[in-house]
Chemist: 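Here it is, the structure, as structure tokens.
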Amino acid sequence: MSVFRPGLFKGKVALVTGGATGIGRAITEELLSLGCKVMIASRKEDRLREAQKEMDPKGDVLLTKVCNIRKEDQVKNLISSTIKELGRIDYLVNNGGGQFPSPVSNMSLKGWNAVIETNLTGTFLMCRETYEQWMSDHGGVIVNIIADMFRGFPMMAHTGAARSAVDNLTKSLAVEWAQNGVRINSVAPGSSIYSPTAARNYNEDNIFERARAGIPTKRLGTTQEIASAVCFLLSPGAAFISGETLKVDGGGSLYSPLMWQISEHKNLPAYQWTYKSPDEEQENDSPTKAK
Ligand code: ADE
């Protein structure tokens, strides 16, 4: 079970981009398990269908919509559909993004623009439209998922530049929209968060083992450990936090094994739990089934 109180987000609605896989999927599962209704958006319909089947086959609490966040008309439509179908948008989680590894010298303008448009312009469009159509009148909370690019991001310079810009956009919006009751923060996962989607993206077998060795925790992070940080920032427990960026990296961005050796250890274990769809939870709670 999530560490947060059951029903914490009951009556609330969240919109999560890239919510079908990886970190977005873990965020969606934790929100659902805490009573939130969730709309997930992705460019890929098959991913959405699979996620729906696995997280909420009855379609009671999870809705899906195909959307390319680079396209203004599709973003406008995603926001208006969410309001129409779920009645409100309390939380926006901008998790959808993408990049490909390459040295800058090999990057085409087309490749550069694509990464900037997805990670920066897409986040801008999602924030602006959610604000225009809902949060300017009703308030709300936004969390932007960025990346560990604080010391530069070699081989990923395009996404490093875009995520750094989102970090700054987060601060500007925290000031501009405070009077409308909007809080906005970023979460920066370390490159040490394992998910099969990330593994496919990096296209290199031992990148996670190299990351693991260079983190004080001496283990990789889980997607659920990003989700719990996001749920905290969305929750009233973070009511006085806005314009902040929370690194979730096991201390990896602080540390270089060249300066200080840390022995292998298992003393900082992962936070993990098993998601059950609302139907499965009810079945388990039913007294007849328990006999
Ligand atoms: N995830 C990655 N790229 C995306 C895009 N352009 N739109 C929505 N989700 C995405």
Side-chain angles (χ1 to χ4, degrees), residues 1-17 19 23-24 26-39 79 82 86-95 120 123-124 126-150 163-190 193 221-254 268 271 273:
M1 262 182 45
S2 162
V3 291
F4 296 102
R5 144 172 93 69
L8 177 64
F9 296 132
K10 198 159 191 306
K12 304 289 188 184
V13 169
L15 172 52
V16 182
T17 62
I23 287 172
I27 294 166
T28 303
E29 287 183 348
E30 189 149 15
L31 288 169
L32 290 173
S33 80
L34 296 168
C36 204
K37 291 194 174 174
V38 184
M39 169 73 90
I79 310 300
T82 307
L86 293 172
R88 51 196 294 132
I89 304 177
D90 301 283
Y91 310 130
L92 168 65
V93 181
N94 286 307
N95 165 77
L120 174 56
T123 300
F124 153 72
M126 287 295 303
C127 286
R128 193 198 64 192
E129 277 310 307
T130 305
Y131 178 80
E132 280 302 308
Q133 293 191 38
W134 186 262
M135 289 188 181
S136 57
D137 285 340
H138 304 90
V141 192
I142 303 173
V143 173
N144 296 321
I145 308 298
I146 54 169
D148 179 5
M149 43 58 202
F150 303 97
R163 309 303 186 130
S164 188
V166 171
D167 184 38
N168 197 263
L169 177 67
T170 300
K171 296 181 209 304
S172 301
L173 296 183
V175 178
E176 286 193 16
W177 294 349
Q179 64 198 354
N180 303 79
V182 176
R183 285 192 302 111
I184 174 165
N185 293 289
S186 295
V187 166
I193 305 299
T222 69
T223 53
Q224 288 183 338
E225 288 171 317
I226 305 302
S228 58
V230 172
C231 286
F232 165 65
L233 288 172
L234 294 176
S235 81
F240 205 53
I241 305 178
S242 197
E244 189 51 85
T245 295
L246 178 56
K247 291 177 189 153
V248 184
D249 68 354
S253 59
L254 299 171
L268 290 166
Y271 160 60
W273 51 281

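Computed from a predicted structure; not experimentally measured.
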Chemist: Report yes or no: does Arg163 contribute a side-chain atom to a donor-acceptor pair with the main-chain N or O of Phe150 at less than 3.5 Å?
Modeler: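 The answer is no, because no donor-acceptor pair under 3.5 Å joins these two groups.
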
Chemist: Quick one: side chains of residues 235-244, donor-acceptor pairs under 3.5 Å with protein atoms, not counting sequence neighbours, listed by atom name and distance.
Modeler:
unit_1, atom_1, unit_2, atom_2, d
Ser235, OG, Phe232, O, 2.7
Ser235, OG, Gly237, N, 3.1
Ser242, OG, Ile184, N, 3.2

Chemist: Decide side-chain contact (heavy atoms from CB on, under 4.5 Å) for Thr82 and Trp134; before the verdict, give the C-alpha distance in whole Å, the side-chain angles of both, and the deciding distance to 0.1 Å.
Modeler: CA-CA 10 Å; Thr82 307; Trp134 186 262; over 6 Å; no

Chemist: Sequence neighbours excluded, which residues qualify as side chain to side chain donor-acceptor pair (under 3.5 Å) partners of Asn95?
Modeler: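 Partners of Asn95 under the side chain to side chain donor-acceptor pair (under 3.5 Å) test: none.
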
Chemist: Out of curiosity, Ile23 CD1 to Ile193 CD1, how far, rounded to the nearest 0.5 Å?
Modeler: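 That separation rounds to 6.0 Å.
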
Chemist: Suppose we screen for side chain to side chain donor-acceptor pair (under 3.5 Å). Which residues come up paired with Thr170, at least two apart in sequence or across chains?
Modeler: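 Thr170: side chain to side chain donor-acceptor pair (under 3.5 Å) contacts with Asn144, Ser186.
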
Chemist: With Asp148, which residues qualify under side chain to side chain donor-acceptor pair (under 3.5 Å), at least two apart?
Modeler: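 Counting only residues at least two positions away or on another chain, Asp148 forms no side chain to side chain donor-acceptor pair (under 3.5 Å).
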
Chemist: Find the distance between CG (Leu15) and CG (Leu86) and round it off to the nearest 0.5 Å.
Modeler: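 With rounding to 0.5 Å, CG (Leu15) is 9.0 Å from CG (Leu86).
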
Chemist: Answer yes when Asp167 and Lys171 have at least one side-chain N-carboxylate O distance shorter than 4.0 Å, and no when they do not.
Modeler: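 Looking at Asp167 and Lys171, the cut-off is met.
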
Chemist: Can you list everything that forms a side-chain contact (heavy atoms from CB on, under 4.5 Å) with Glu30? Sequence neighbours excluded, please.
Modeler: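 side-chain contact (heavy atoms from CB on, under 4.5 Å) check on Glu30 returns Ser2, Phe4, Ser33, Leu34, Ala227, Ser228, Cys231, Tyr271, Trp273.
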
Chemist: Using a 4.5 Å cut-off on heavy atoms from C-beta on, say whether the side chain of Met135 contacts that of Leu92.
Modeler: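 In contact.
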
Chemist: Rounded to the nearest 0.5 Å, what separation is found between the CD1 atom of Ile142 and the CG atom of Asp90?
Modeler: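 Output value for this atom pair is 12.0 Å.
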
Chemist: Which distance, rounded to the nearest 0.5 Å, do you find between the CG of Leu31 and the CZ of Phe9?
Modeler: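 Here the rounded value is 6.0 Å.
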
Chemist: For Val141, give me all partners under side-chain contact (heavy atoms from CB on, under 4.5 Å), at least two apart in sequence or on another chain.
Modeler: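 With sequence neighbours excluded, Val141 shows a side-chain contact (heavy atoms from CB on, under 4.5 Å) to Tyr91, Arg183, Leu234, given in chain and number order.
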
Chemist: Could you point out which residue of Ile27, Ile146, Leu233 forms a side-chain contact (heavy atoms from CB on, under 4.5 Å) with Val187?
Modeler: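 Between Val187 and the candidates, side-chain contact (heavy atoms from CB on, under 4.5 Å) is satisfied uniquely by Leu233.
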
Chemist: Glu225: what forms a side chain to side chain donor-acceptor pair (under 3.5 Å) with it, not counting sequence neighbours?
Modeler: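 Here the qualifying residues are Arg219, Thr222.
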
Chemist: Can you give each donor-acceptor pair under 3.5 Å made by side-chain atoms of residues 173-180, sequence neighbours left out, with the distance rounded to 0.1 Å?
Modeler:
unit_1, atom_1, unit_2, atom_2, d
Asn180, OD1, Tyr131, OH, 3.0
Asn180, ND2, Tyr131, OH, 3.2
Asn180, ND2, Ser136, O, 3.1

Chemist: Sort and list the pairs that fulfil salt bridge (Lys or Arg N to Asp or Glu O under 4.0 Å) and have at least one residue in residues 128-138, not counting sequence neighbours.
Modeler: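 Sorted result for residues 128-138: Glu72-Arg128.
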
Chemist: Does the side chain of Ile145 come within less than 4.5 Å of Val230's, by heavy atoms?
Modeler: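 SC-SC contact between Val230 and Ile145 confirmed.
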
Chemist: Determine the minimum heavy-atom distance between Val13 and Arg88, stating which atoms define it.
Modeler: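 What the structure gives for the nearest pair is CG1-O, 3.1 Å.
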
